[in-house]
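Please read all numbers here as calculations on a predicted model, not as lab measurements.
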Amino acid sequence: MKSILKPLLMVAAMAMGMTAAGTLPALALVELNVNKGNVEPLPIAITDFQGGDALGAQISQIVTADLKRSGLFAPIDKSAFIEKITNPDAAPRFDDWKVINAQALVTGSVSKEADGRIRAQYRLWDTFAGQQMAGEQFFANDANQRRVAHIIADAIYERLTGEKGYFDTRVVFIDESGAKNARKKRLAIMDQDGANVRYLSDGRSIVLTPRFSPNRQEITYMSYESGQPRVYLLQIETGQRELVGNFPGMTFAPRFSPDGQKVIMSLLRDDGNSNIFAMDLRSRSTTRLTNSTAIDTSPSYSPDGSKVVFTSDRGGRAQIYVMGADGSGQTRISFGDGVYSTPVWSPRGDLIAFTKQTGGEFQIGVMKTDGSGERILSSGFQQEGPTWAPNGRVLMFFRDSAGGPKLVSVDLTGRNEQSIPTANFASDPAWSPLLE
């Protein structure tokens with residue numbers, strides 16, 4: 001998708017000893033080490049952006065909500081602010097912010113350009129060092145005002161943690177409405193915080209397991225509109241749809257390869273066996289990767305495309321296996337009690353997320369790619385289907401409660417669990433890459 005936002009670095013260091021945007025002096029005190037086991041949220045003050053009437057406050061609220069939900073930041077209540085920012089381009093009174101323990105400060109402004117676009121700019125300050133850490137400005141049309149806020153939140157997240165953010169992203173999911181015994185399931189998409197919901201199907205046919213392409217605004221999903229499960233590709237922006245293939249038998253859990261050129265899936269053949277196949281989307285040629293008498297399903301590529309993780313009950317109950325992308329070297333990596341399902345490789349390449357059913361409950365967990373270091377992040381009744389944020393720090397999944405499924409996120413510590421607001425019941429989430 002062609003970018004509709006044009007980021008521009010602020011170029012002028014101002015005449016009050018401020019550093020140019022993006023530079024940070026060696027004496028700066030702000031540091032957030034996200035690789036520690038227990039991260040103390042960083043106190044940060046985020047002021048209302050000046051100008052733009054209510055839009056400035058709205059952008060500030062979205063930035064605040066994004067950072068707070070990450071669990072890494074503790075936004076300070078505006079009622080505690082001492083200085084009222086009237087000129088976001090001027091250096092703030094750092095002592096006023098230090099006294100309320102604001103280790104970082106965000107100021108900004110919004111204005112309307114002559115061509116109708118909005119211009120939003122922000123500055124990030126290290127209050128204890130008394131220096132500007134970063135500053136950028138963005139242009140967008142009215143339809144993309146919320147994206148500006150998410151991009152600013154991502155920039156702040158990255159500057160303070162050293163890792164990419166995940167706020168300027170979308171989630172595709174299955175919207176479920178109606179009575180439990182006659183539920184309408186529609187393909188839907190929304191911003192990662194639950195805003196801007198848009199429906200991609202009309203609900204006349206059951207749809208399942210949507211998955212994002214890693215490099216395009218394109219998804220693959222299953223539909224029963226013909227009475228049989230078929231795999232489709234859908235271009236989100238244009239609505240153009242095409243059939244991937246008309247496979248005999250059942251098709252399960254299609255996912256893209258990292259380069260977006262292949263789809264990997266599980267196919268149930270006439271012999272009753274479920275095995276894993278990869279299809280080249282250009283030639284439509286299919287390659288069989290497993291050939292067992294067991295149920296092999298839920299394949300997911302590693303980020304470099306060299307390996308595939310999947311589940312198989314060839315050992316008596318469903319466990320997690322890893323193989324080469326050509327099907328070679330099939331090796332079991334999980335040995336815990338219970339039944340494993342829906343494994344998915346982290347975008348960072350270091351972990352595999354999974355669903356585990358044991359002791360009468362469902363668990364969402366992660367393990368290293370060799371099966372070691374298994375950690376359970378969330379336990380509950382009927383929860384499954386983890387999907388990774390593009391920075392590999394947060395998982396989203398769905399949990400059945402109060403009559404239907406709802407979306408939930410949890411970070412890798414397992415301590416920051418958040419409900420994702422949706423108007424109806426929601427299941428099968430899939431997180432997009434960062435938008436262009």
Specify the closest pair of heavy atoms between Asp313 and Ile295, including all atoms of both residues, with the distance to one decimal. OD1-N, 2.8 Å
Does a side chain donor of either Thr355 or Thr342 reach within less than 3.5 Å of an acceptor in the other side chain? yes
Is a side-chain donor-acceptor pair under 3.5 Å present for Glu242 with Gln240? no
Less than 4.0 angstrom from a charged side-chain N to a carboxylate O is my criterion; do Asp202 and Arg204 meet it? yes
Within 6.0 angstrom of Ile206 CD1, more than 12 heavy atoms from elsewhere: no
With sequence neighbours left out, what residues match Phe398 under ring pair (Phe, Tyr, Trp, His ring centres under 6.0 Å)? none
Between the CG atom in Leu105 and the CD atom in Glu83, the distance rounded to the nearest 0.5 Å is 8.0 Å
Are Trp97 and Phe128 close enough that their ring centres sit under 6.0 Å apart? no
Check Lys84 with Asp48, please: is the shortest side-chain N to carboxylate O separation under 4.0 Å? no
Note, Ile46 side chain near Phe81 side chain (heavy atom, < 4.5 Å): no
Before accepting this row, confirm whether a basic side-chain N of the pair Arg147/Asp168 lies closer than 4.0 Å to the acidic partner's carboxylate O. yes
Test side-chain contact (heavy atoms from CB on, under 4.5 Å) applied to Thr220 and Arg255, Arg211, Met265, the passing residue: Arg211
With sequence neighbours left out, what residues match Phe167 under ring pair (Phe, Tyr, Trp, His ring centres under 6.0 Å)? Tyr157
Is Phe381 atom CZ crowded by more than 12 heavy atoms from other residues, nucleotides or ligands, each under 6.0 Å away? no
Over 60° means perpendicular and under 30° means parallel, so classify the ring planes of Trp431 and Tyr166, tilted if in between. perpendicular
Would a 4.5 Å heavy-atom cut-off, applied to side chains only, mark Leu124 and Leu160 as touching? yes
Going by an N to O cut-off under 4.0 Å, is there a salt bridge joining Asp337 and Lys356? no
